[in-house]
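The structure under discussion appears below in the form of structure tokens.
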There are 2 protein chains.
Amino acid sequence: MKNEVKYKRSRQRERILALLRSTDLHPTAGWIYDQLKGEFKGLSLSTVYRNLSILLGQGLIARLEYGGTFGRFDGNVSPHYHFICEQCDAVLDLPLPVDLSLNKKVDAATGCQTKFYRLEFYGICDQCQG
Amino acid sequence: MKNEVKYKRSRQRERILALLRSTDLHPTAGWIYDQLKGEFKGLSLSTVYRNLSILLGQGLIARLEYGGTFGRFDGNVSPHYHFICEQCDAVLDLPLPVDLSLNKKVDAATGCQTKFYRLEFYGICDQCQG
DNA sequence: TATAATATTGATAATCGTTCCGATTACCAA
DNA sequence: TTGGTAATCGGAACGATTATCAATATTATA
């Protein structure tokens, strides 16, 4: 079961991680590709997906799933909640404190062993009201 | 903006809804298709998807999205939380009381207008420990 | 520095869940 | 009945993602 993979440096992967850490847009793979294809002549979309996959496995980024047909990525892996605007599809980080006691409540009530939880709010964002 | 659609009865749609209400497995479209294709000779997978879509629009069922590549459906539309087992992929309903004050907290902190929220716990379920 | 070993790349094909389409059928009101 | 219009089936089409593979880039070692 030894599944050790030794990664070599990759300029593409380093830029993808830096880009994700520099924005709070929670972008899609396609957006990342569009941003970097000027910088890396001949960049392939599969390279973006491959490296997102590696970064996910390393726990350096997170993947969000919201109803839509595509995934979004987050360079902020510290626990926090999200708000999803149903009108403009923006994903916002919420400044709420994260309640860590919930895991224990679930475990006590069910016998399950909770590792983490996701909390997402849906509605209309600040910008879209008016 | 008048988008009134008059639906005719459909035995397939009625069975899909009844099936979803009779189980807490949170099944996929494929599972529903497998269950009903014996009952409806020549049932089409697209019929299952179309009717799931209509039922969603009517608010009679809910669609869940969890990391995987496919959606799951829930015949229980009253607010409740879910636990997702990372080992067996089961989705369990949680017997926790739903906190309705969270919406207001978010709205107060952000200026957003929250309609609802989703709370999902991830870990190892009762069955899979041992 | 030179070289061997191997991870990474870009291009493309393949996959998967889902939606769309056209021809036909079923339902319902008049 | 009959006309109007959803609903159906089956398959093609779709979009996001993953797999394949020869060429290239990176690293470890000599």
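Chain A is the first sequence line, chain B the second, and so forth, proteins listed ahead of strands; every chain is numbered from 1.
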Problem - Reference residue B:Leu55; test side-chain contact (heavy atoms from CB on, under 4.5 Å); the match among B:Arg63, B:Arg50, B:Arg13 - result: B:Arg13
Exercise for the section: Determine the contact category for A:Arg50: base if any of its heavy atoms lies under 4.0 Å from a base atom, sugar-phosphate if only primed atoms, P, OP1 or OP2 are that close, otherwise nothing. Expected result: base
Handout entry: Start and end of chain A contact along DNA chain C [non-hydrogen atoms, under 4.0 Å]
Key = C:dA5 to C:dT12
Practice task
With heavy atoms under 4.0 Å as the rule, sort B:Thr28 into base, sugar-phosphate or nothing.
Solution key: nothing
Problem - Residues, nucleotides or ligands: over 12 heavy atoms within 6.0 Å of B:Gln127 CD - result: no
Exercise for the section: Write down the distance between CZ (A:Phe70) and P (D:dT18), rounded to a whole number of angstrom. Expected result: 15 Å
Exercise for the section: Check the angle between the aromatic planes of B:Phe121 and A:Tyr117 and answer parallel, tilted or perpendicular using the 30° and 60° thresholds. Expected result: tilted
Problem - Cation-pi check, A:Arg118 onto B:Tyr122 ring (under 6.0 Å, within 45° of axis) - result: yes
Practice task
Indicate, with a heavy-atom threshold strictly under 4.0 Å, whether B:Arg11 touches base, sugar-phosphate, or nothing.
Solution key: sugar-phosphate
Completion exercise
note: B:Lys37, atom NZ; D:dG10, atom P; distance rounded to Å ~ 12 Å
Exercise for the section: Quick one: closest heavy-atom pair of B:Val48 and B:Ile16, and the distance? Expected result: CA-CD1, 3.9 Å
Exercise for the section: Rounded to the nearest angstrom, tell me the gap between atom CG in A:Asp34 and atom C1' in D:dA16. Expected result: 14 Å
Practice task
Mind checking the CG-CD1 spacing from A:Leu20 to A:Ile61? Nearest 0.5 Å is all I need.
Solution key: 5.5 Å
Problem - Gap between atoms OH and P, on B:Tyr7 and D:dT8 respectively (whole Å) - result: 12 Å
Practice task
Classify the ring geometry between A:His26 and A:His80 as parallel (under 30°), tilted (30 to 60°) or perpendicular (over 60°).
Solution key: tilted
Exercise for the section: Let me see the working for A:Leu94 and B:Thr110 under side-chain contact (heavy atoms from CB on, under 4.5 Å), right down to the final yes or no. Expected result: CA-CA 8 Å; A:Leu94 289 179; B:Thr110 64; 3.5 Å; yes
Completion exercise
Atom CD of B:Gln58 and atom P of D:dA6 are separated, to the nearest Å, by 14 Å
Handout entry: Short side-chain N/O contact to D:dT8 OP1/OP2 from B:Ser10, under 4.0 Å
Key = yes
Exercise for the section: May I ask you to verify if any side-chain N or O of B:Gln12 is less than 4.0 angstrom from the OP1 or OP2 atom of D:dA7? Expected result: no
Practice task
Respond yes when some side-chain nitrogen or oxygen of A:Arg9 is under 4.0 Å from OP1 or OP2 of D:dA25, and no when none is.
Solution key: no
Practice task
Using whole Å, report how far CD1 of A:Ile54 lies from C1' of D:dT17.
Solution key: 15 Å
Exercise for the section: Provide, to the nearest angstrom, the distance between the CG atom belonging to B:Asn51 and the C1' atom belonging to D:dC9. Expected result: 12 Å
Exercise for the section: Give B:Gly71 one of three labels, base, sugar-phosphate or nothing, depending on what nucleic acid heavy atoms sit under 4.0 Å from its own. Expected result: sugar-phosphate
Handout entry: D:dG15 base / A:Thr69 side chain donor-acceptor hit below 3.5 Å
Key = no
Exercise for the section: Using whole Å, report how far CG of A:Leu45 lies from C1' of D:dT20. Expected result: 16 Å
Fill in the blank from the handout: Judged by nearest nucleotide, the residue sitting upstream toward the 5' end of DNA chain C, A:Leu43 or B:Ser53, is A:Leu43
Practice task
Using the closest heavy atom to pick a nucleotide of DNA chain D for each, name whichever of B:Lys8 or B:Thr47 lands nearer the 5' end.
Solution key: B:Lys8
